[in-house]
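Notes to accompany the following structure.
In what follows, chains carry the letters A, B, and so on, assigned in the order in which the sequence lines appear, proteins first and then strands, with residues in each chain numbered from 1.
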Amino acid sequence: MTAVTYKLLHKDGKARRGTITAPHGKIQTPVFMPVGTAATVKAMKPESVKELGAEIILANTYHLYLRPGHDVVKAAGGLHKFMNWDRPILTDSGGFQVFSLGDMRKITEEGAEFASHIDGSRHMLSPEKSMEVQNALGSDIIMAFDECAPYPADREYVMPSMERTTRWLERCKAAHKDTETQSLFGIMQGGMYDDLRRKSAEDIVKMDLPGYAIGGLSVGEPKELMCSVLDGCVDLLPEDKPRYLMGVGTPDYLFEGVERGIDMFDCVLPTRIGRNGTALTSFGQVNIKNARFERDFLPLDPECDCYTCRNYSRAYLRHLFKSGEILSSMLLTEHNLHFLVNTMAGIRRSIEEDRFAEHKEEFYRKYGYM
RNA sequence: GUGGGUAUAGUCAAGUGGUUAAGACAGCGGGUUGUGGUUCCGCCAUGCAUGGGUUCGAACCCCAUUACCCACC
């Protein structure tokens, strides 16, 4: 028995309504996972993250390995206990940092050598090491150590990179022993090339893992390109396993992903832009810093029932941000997270009622994308 | 009242005769997609207290005026 299982409940077109059962609880899918890189969803108390309906959050192997160190987290009794979050946790493998650290790292067949962004010290992250760290953290879902190719990247770069990611996945699988309490998800790569995506999918699906992710998208490519790549590769993943589109995203991308059969998403966007004064609302993105909100005493999103919108005005939120007050980050983050989690809940309902397409159109019309 | 000093953007300021007047903060606008983000990128003085003068050319030199600061009466 694997730690994480998926049950498909209903389909509306390719959109899937399902449940994931993990050691720390059930997850209704499609799901949006808030990101808590350093064992905290920034500016949020775990209780508040729970209250707004998040059923799973994401943490990062690379960051926790560097600080405080996975041995510390393990000594604390595992990540759940350490950070006071008793629902499922997914940990990213550190693979994305291979991409985002740019020239501060070197990739070899063995793994990736990093210069710590904290103190410059050098560290080697390999498939085996990533499994060791994620095992010590004790997350429900652990991700394979992969390489996310940049965009744009030519075939000559992407093909060997993708093949190495597949070899790394084999090593991850071999190193991952604790399959009863944690489940390893594989990651498809292949850049923007349909045939490489197909090859990657075929190779990783053979390994019969409890779940699969699509990596290497949402790295700066145009939306249409991401959609067309998804068109060509989501169906290559097994129907009876959860499908996770990594690093996505904005509300519109969520709809595009679900429409093509994606079950899981994560993104730093709501928390990051929240801390920087931008809100996601049902009528589009709002920059609360704008002078036009100086005397606007309406709630951020009049249609929202989150704590922030029930109690505070745009003028107050603007004031808090301009004053550099901590409450600004808290209130905006809570709203943004609530908005995306709630958007996913609406998507799930629409799939159950076979009206996903209409729901998507309605959302776009209001959000200002159409 | 006498002597001295200072006046450059909302604020603090660089610039002491030669092409489009540094920079910082504030302000304004934008960005942000498996978090290297109290972050990043733009914009923001046709004008240097005011009025004259010298000069090919003045924020810069000269004169007057005004305001403020410091001393001394």
Side-chain angles (χ1 to χ4, degrees), chain A residues 32-43 56-64 66-67 89-105 114-120 123 130 134 139 141-151 165 185-189 211-223 226 243-254 256-257 262 264-280 285-294 318 320-330 332-333 336 340:
Chain A
F32 175 78
M33 307 183 282
V35 176
T37 302
T40 168
V41 177
K42 294 184 196 298
I56 173 172
I57 60 172
L58 188 149
N60 194 289
T61 298
Y62 165 80
H63 297 263
L64 295 175
L66 286 181
R67 188 170 58 192
I89 296 175
L90 178 152
T91 41
D92 191 16
S93 63
F96 188 70
Q97 276 61 48
V98 175
F99 162 76
S100 68
L101 256 37
D103 47 326
M104 283 176 72
R105 66 14 177 181
F114 301 87
S116 160
H117 69 281
I118 298 167
D119 62 8
H123 302 268
S130 180
Q134 295 189 71
S139 42
I141 298 173
I142 64 178
M143 298 304 298
F145 188 68
D146 67 333
E147 189 205 343
C148 175
Y151 176 82
T165 286
F185 279 24
I187 304 174
M188 179 209 296
Q189 288 292 343
Y212 293 95
I214 297 174
L217 289 181
S218 195
V219 287
E221 77 281 7
K223 184 178 176 182
M226 189 194 84
R243 309 193 290 211
Y244 165 26
L245 178 56
M246 306 183 82
V248 170
T250 54
D252 55 324
Y253 278 45
L254 261 33
E256 300 302 333
I262 298 293
M264 304 164 72
F265 303 86
D266 82 280
C267 191
V268 303
L269 192 84
T271 45
R272 178 182 288 171
I273 68 175
R275 274 177 281 121
N276 288 314
T278 302
L280 266 11
Q285 209 163 292
V286 169
N287 190 338
I288 202 65
K289 295 171 272 187
N290 288 2
R292 63 194 164 105
F293 298 123
E294 187 180 13
R318 176 174 191 271
L320 288 179
F321 186 86
K322 306 280 298 181
S323 308
E325 288 292 340
I326 294 167
L327 187 58
S328 163
S329 293
M330 295 166 62
L332 248 27
T333 299
N336 284 347
L340 283 191

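In this structure, A:Gly120 and A:Ala115 approach most closely via the heavy-atom pair O-CB, 4.0 Å.
Between the side chain of A:Asp146 and the base of B:G34, at least one donor-acceptor pair of N or O atoms lies under 3.5 Å. No hydrogens or angles were tested; on distance alone, nothing pairs the side chain of A:Arg272 with the base of B:U32 as donor and acceptor under 3.5 Å.
Regarding A:Tyr151, its OH atom lies at a distance of 19 Å from the C1' atom of B:G34, rounded to whole Å. Rounded to whole Å, atom C1' of B:G27 lies 13 Å from atom CG of A:Asn290. Distance A:Tyr253 OH to B:G34 C1': 15 Å, rounded to the nearest Å. The distance between atom CD of A:Gln285 and atom P of B:U33, rounded to the nearest whole Å, is 11 Å. In this structure, A:Ile56 places its CD1 atom 16 Å from P of B:G34, rounding to the nearest Å. Protein atom CD1 of A:Ile288 is 11 Å distant from nucleotide atom P of B:G29, rounded to whole Å. Regarding A:Gln97, its CD atom lies at a distance of 5 Å from the P atom of B:U35, rounded to whole Å.
In this structure, A:Gly216 reaches the bases: a heavy-atom distance under 4.0 Å links it to at least one base atom across the strands shown. Base contact: A:Gln189 has a heavy atom under 4.0 Å from a base atom. At the heavy-atom level, A:Thr271 lies under 4.0 Å from base atoms of the strands shown. Nucleic acid contact for A:Thr278: base, since at least one base atom lies under 4.0 Å from a heavy atom of the residue. Counting non-hydrogen atoms under 4.0 angstrom, A:Asp92 reaches a base of the nucleic acid. Here A:Ile187 lies in heavy-atom contact (under 4.0 Å) with a base. A:Arg318 comes within 4.0 angstrom of the backbone, heavy atoms only, and of no base.
For the 3.5 Å distance criterion, the side chains of A:Ser116 and A:Asp119 qualify, holding a donor opposite an acceptor. No side-chain N or O of A:Tyr62 forms a donor-acceptor pair with one of A:Asp92 less than 3.5 Å apart. With no hydrogens or angles considered, no side-chain donor-acceptor pair links A:Asn276 and A:Thr278 at under 3.5 Å. Side-chain N/O atoms of A:Thr165 and A:Gln189 include no donor and acceptor closer than 3.5 Å. If you check the side chains of A:Gln97 and A:Asn60, you find a donor sitting under 3.5 Å from an acceptor.
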Pick out the pairs of N or O atoms, protein on one side and nucleotides 10-12 of chain B on the other, that lie under 3.5 Å.
none

Below 3.5 Å between N/O atoms, which protein atoms pair up with nucleotides 39-42 of chain B? Just atom names and distances, please.
from: B:U39; atom 1: O4; to: A:Asn276; atom 2: OD1; distance (Å): 3.4

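Side-chain nitrogen and oxygen atoms of A:Thr250 include none within less than 4.0 Å of the OP1 or OP2 phosphate oxygen of B:U33. Distances shown here put a side-chain N or O of A:Asn287 below 4.0 Å from the OP1 or OP2 atom of B:G30.
Candidate nucleotides B:U33, B:C28, B:U32 were compared by shortest atom distance to the side chain of A:Lys322, and B:C28 ranks first. Side-chain atoms of A:Ser93 lie closest to B:G34 of the nucleotides B:U33, B:C28, B:G34.
Looking only at distances, no side-chain donor or acceptor of A:Thr40 sits under 3.5 Å from a matching main-chain atom of A:Gly36.
Within the model, atoms CG of A:Leu327 and CZ of A:Phe321 stand 13.0 Å from one another, a figure rounded to the nearest 0.5 Å.
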> Where does RNA chain B pair, written as one dot-bracket string 5' to 3', with Watson-Crick or G-U pairs under 3.5 Å, ( ) inside the strand, [ ] for crossing pairs and | for another strand?
Replying inline: ((((((((.[[[..)..(....]]].(((((.......))))).....[[[[[..)....]]]]]))))))).
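The shortest distance between side-chain heavy atoms of A:Val248 and A:Leu217 does not fall below 4.5 Å.
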